Amino acid sequence: MRTLLAVDDNESVLAVLDLLLSPQGYSIVRAASGARALALATETQIDGAIIDIHMPVMNGFEACRVLRERATAGGHDLPVWLITGAYSREAVERAKQVGALDVFQKPFDFAAMLLALESGFNRPPAKTGPAS
């Protein structure tokens, strides 16, 4: 079972992710903010994260960047996906810049999400370690 950190300031979205992904063998750890996500990531062993882009205080881009940097510094490759109701090419480009694998649009295409998650978990790990 893989543990996914699900981050969204909308409890309904977290409930939907839990409802959809738990029966597929994912254990969902919920966070309602980027700051709480960062704290949970230090307290809990997670295998990946799904993070909303548009949240107050710390947006999903920043939370993704920090989670990925921490994982890399620890010698790990943490797959991260972002979610948004305002899908755009610019959001996808920025997501890639901060290390996200993909951006899922709300409402979710569940079949596509499952394929993307499995693909992300089964890809060769990114090179980790200090940047040159």
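Sequence positions, counted from 1, serve as the residue numbers for this chain. A quick note: this is a predicted structure, and the numbers were derived from the prediction, not measured.
Residue L5 is not grouped with residue I28 when hydrophobic side chains (ILVMFWY) are merged at heavy-atom distances under 4.5 angstrom, including chains of intermediate members. Each of L67 and L17 belongs to its own hydrophobic cluster when Ile, Leu, Val, Met, Phe, Trp and Tyr are linked at side-chain heavy-atom distances under 4.5 angstrom. Under the 4.5 Å side-chain heavy-atom criterion for Ile, Leu, Val, Met, Phe, Trp and Tyr, L115 and F110 are members of distinct hydrophobic clusters. V13 is not connected to Y87 by any chain of hydrophobic side-chain contacts under 4.5 Å among Ile, Leu, Val, Met, Phe, Trp and Tyr, and they are in different clusters.
Rounded to the nearest 0.5 Å, atoms CZ (R65) and CG (N59) are 10.0 Å apart. Distance CG/D18 to CG/L14: 8.5 Å, rounded to 0.5 Å. Note that CD of E11 is 4.5 Å distant from CZ of R30, once rounded to the nearest 0.5 Å. S119 contributes atom OG, which lies 12.0 Å from atom CG of L114 (distance to the nearest 0.5 angstrom).
Checking side-chain atoms of T44 against main-chain N and O of I46 turns up no donor-acceptor pair under 3.5 Å. The backbone N or O of A39 lies less than 3.5 Å from a partner atom in the side chain of T42, making a donor-acceptor pair.
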side-chain contact (heavy atoms from CB on, under 4.5 Å) evaluation trace for F61 with L82: CA-CA 8 Å; F61 297 119; L82 298 181; 3.7 Å; yes

Check against side-chain contact (heavy atoms from CB on, under 4.5 Å), L4 and L21: CA-CA 9 Å; L4 275 173; L21 296 172; 3.9 Å; yes

Determine whether R2 and L117 satisfy the following criterion, side-chain contact (heavy atoms from CB on, under 4.5 Å), listing intermediate values before the conclusion. CA-CA 10 Å; R2 290 193 171 103; L117 291 175; over 6 Å; no

Applying side-chain contact (heavy atoms from CB on, under 4.5 Å) to Y26 and I50, what does each step give before you reach the verdict? CA-CA 12 Å; Y26 292 96; I50 298 176; over 6 Å; no

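Among all heavy-atom pairs drawn from M55 and I51, the shortest one is CE-CG2, 3.9 Å. Considering every non-hydrogen atom in both V7 and G34, the closest pair reads CG1-N, 4.2 Å. Closest approach of L78 and A71 over heavy atoms only: CB-CB, 3.6 Å. Contact detail for F121 and D47: the closest heavy-atom pair is CE2-O, 3.1 Å. A35 and M58 get closest at one heavy-atom pair: N-SD, 4.1 Å. Taking each heavy atom of L38 and A63 in turn, the nearest pair found is CD2-O, 4.1 Å.
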Could you go through residues 88-105 and list every donor-acceptor pair under 3.5 Å that involves a side-chain atom there, pairing it with any protein atom two or more places apart or in another chain?
{"unit_1": "S88", "atom_1": "OG", "unit_2": "A91", "atom_2": "N", "d": "3.0"}
{"unit_1": "K96", "atom_1": "NZ", "unit_2": "L101", "atom_2": "O", "d": "2.5"}

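With respect to E118 and R123, no salt bridge is recorded, no charged nitrogen being found less than 4.0 Å from a carboxylate O. A salt bridge links D8 to K106: one of the charged nitrogens lies within less than 4.0 Å of a carboxylate oxygen.
Atom CD of Q45 has 12 or fewer heavy atoms from other residues, nucleotides or ligands within 6.0 Å.
The distance between the ring centers of F108 and W81 does not fall below 6.0 angstrom.
Looking at heavy atoms from C-beta onward, S33 lies out of side-chain contact with V57 at the 4.5 angstrom threshold. Taking 4.5 Å as the limit, every side-chain heavy atom of H76 sits out of range of all side-chain heavy atoms of R70.
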